[in-house]
Undergrad: 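The structure under discussion is supplied below as structure tokens; questions concerning it will follow.
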Amino acid sequence: MSTKNTQTSADAPLPVLLPFRIEPTRLGTPRLAPVHAVLIGAGLALLAGTAWAQADAAQLSPLDVIIKWAPLLLYGFAFNILISMIAMALGTGAGLGVGLGMLSENPLLARVCWALTQFFRNAPWLVLLFFVMFLVPFQITVFGVRIPLPDWVKATVGFSLPVMANVAEIVRGAVRSVPSTQWEAAESLAFTPRQTMWQIILPQCVKRMLPPWMNLYSLVTMATVQASIVGVSEMLTLTAQVHTAEGGRPELFAPLYGFALFCFFLYCYPIDRFTARLERRFHIR
Amino acid sequence: MAAATDPRPWTPDQPIVQLIDVHKSFGTLEVLKGVSFDVKKGEVICIIGPSGSGKSTLIRCINALVPVTSGTILVENIEVADPKLDKLALRRKVGMVFQQYNLFPHKTALQNVMMAPIHVLHQDKGEVEERARALMKKVRLTGKEDSYPGELSGGQQQRVAIARSLAMRPDIMLFDEVTAALDPETVKEVLFTIRELAEDGMTCLLVTHEMNFARDVADHIYFTDHGVIVEHGPPASFFSAPSDPRTREFLSQVL
């Protein structure tokens, strides 16, 4: 082989020899514009329309089916919202505790909270959900009083665990992002560390925590449909049941699930926009 | 050891701050290599010297923001280096103002001034507010009570920081290069406030690069270099006839 040949092959790198790289992905929900909603809606309508055109004229149109079942489906959707809100509330409360625990001067507490956060942040939500569903009994007895634990309560607890871990990380990051000079100033004014945290540091963190927290809420809301896998009567479960009740007609598949998509989109999209606006506003200041 | 746990009662004729052979190391880097001096009540002390000479560390040791490696610091006969020290009790006596103001950005100017007396000293809110308004007037910021730190200029923020510190009614004020981050025009207003404080009889320790101010206001000047006090004296003799070559070189560069 001549030198010239080697040179050319060196100049033009062989694709197979290039190192494999995973492109870094941006965390968080993808940003959607209203035009996407219109496109998706139009696509679904077209799909449903063609399907229906091939169907028996005696049957209800997809639109009529949706209107007929809308109260039930919306009831299911309200259940998704309820689960997401309770899970978020529980997770935020616990996450605040765990996040502050990670920052504790007590090394044991800090380690335990760190481990908790890492464990629940790096576990698939569905696996956590299964664990809670099958590990927690259907009722507990406290001081002789039987408290039933329906499936949806267990699912809510299951969702609150990853929320807790993510909130803990948000809290830790926000507290760390406050300049250490704020601690110094408070120290020199004879504030105790606890007072400094609650009076001076955390109030400044709220602004920094709000956008990621709302982003997390959006994710939780969308994740609640996973509860259908463990039999909670939320929107996705009900949609499947409605589909079966209508004879499992294939042309109803897209409109019914499209309706579910549409509901989630209508709910999560404004949150997403609002988060983006907050992020922009806080960046400027 | 008995003196550390049960300090002799302090009387105003004794030094209010006393440093005896103070050493401070950060890892292997020795920042203070045996610093000793006394400050009498009502005195204004200026500490000058090239950057990295340990001035800021020295002043931070006095209110226990930075723990000393060895040596003794007495503030009103309280041993600062005592591990059992009640740091909060010490910091109620010693106010501190920082180069970067370090105001609490989520509180208004007035709230910044009121926070520590209310939460730390548990004083009556109405009384604290009255005092805070008086302090805002004293630093000539009447009308800026409800502004947030972000809406104030550097000089105004620094004066709020001074008022915030004074609200704790300290016996000693520490100023750590408080004009270093300011525009030349606003330096004057802050120095004016400090001068008034000094004239009111407040014991002040300043780390500063404002030589003219030090000459006018200080009772005593300390020049530090590489962690030791190279030279000290009253401003008149210090500036007109420095004896050490390092002082002469430094003064020739900054004057």
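We name chains A, B, ... by the order of the sequence lines, and we start the count at 1 in each one. Every heavy atom of this structure was used, including side-chain atoms; hydrogens, water molecules and symmetry mates were not.
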Undergrad: Enter the distance from Asn102(B):CG to Ile200(A):CD1 here, rounded to the nearest 0.5 Å.
TA: 11.0 Å
Undergrad: Quick check for you: among Asn63(B), Leu88(B), Leu121(B), which has the greatest number of heavy-atom pairs under 4.5 Å with chain A?
TA: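 Heavy-atom pairs under 4.5 Å are most numerous for Leu88(B).
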Undergrad: What residue, out of Leu174(B), Val94(B), Leu103(B), has the most heavy-atom pairs lying under 4.5 Å from chain A?
TA: Leu103(B)
Undergrad: So which part of Phe98(B) gets closer than 4.5 Å to some heavy atom of chain A, the side chain, the backbone, both or neither?
TA: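 Only the side chain of Phe98(B) comes within 4.5 Å of chain A.
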Undergrad: Within the supplied structure, the quantity of interest is the number of heavy atoms (other residues, nucleotides, ligands) at a distance under 6.0 Å from Lys144(B) NZ; does it exceed 12?
TA: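 At most 12 heavy atoms, drawn from other residues, nucleotides or ligands, come within 6.0 Å of this atom.
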Undergrad: Decide if atom CD of Glu130(B) counts as having more than 12 heavy atoms of other residues, nucleotides or ligands within a radius under 6.0 Å.
TA: no
Undergrad: So which residues of residues 180-194 of chain A are in contact with chain B at a heavy-atom cut-off of under 4.5 Å?
TA: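 Within residues 180-194 of chain A, the residues under 4.5 Å from chain B are Thr181(A), Gln182(A), Glu184(A), Ala185(A), Ala186(A), Glu187(A), Ser188(A), Leu189(A), Ala190(A), Phe191(A), Thr192(A).
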Undergrad: Do other residues, nucleotides or ligands put more than 12 heavy atoms under 6.0 Å from the CZ atom of Arg277(A)?
TA: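 Incorrect, the count does not exceed 12.
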Undergrad: May I ask you to check whether over 12 heavy atoms, not counting those of Lys138(B), lie within 6.0 Å of atom NZ?
TA: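 It does: Lys138(B) NZ has more than 12 such atoms within range.
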Undergrad: Should we count CZ of Phe37(B) as having more than 12 external heavy atoms under 6.0 Å?
TA: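 Counting other residues, nucleotides and ligands, CZ of Phe37(B) exceeds 12 neighbours.
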Undergrad: Tell me, side chain or backbone of Arg164(B) under 4.5 Å from chain A's heavy atoms, or both, or neither?
TA: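 Its backbone and side chain both get close to chain A.
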Undergrad: With rounding to the nearest 0.5 Å, note down the distance linking CD in Gln199(A) to NE2 in His119(B).
TA: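 Spacing of CD (Gln199(A)) from NE2 (His119(B)) equals 4.0 Å.
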Undergrad: Quick one: of Met115(B), Gln100(B), Lys107(B), who has the most non-hydrogen atom pairs under 4.5 Å with chain A?
TA: Met115(B)
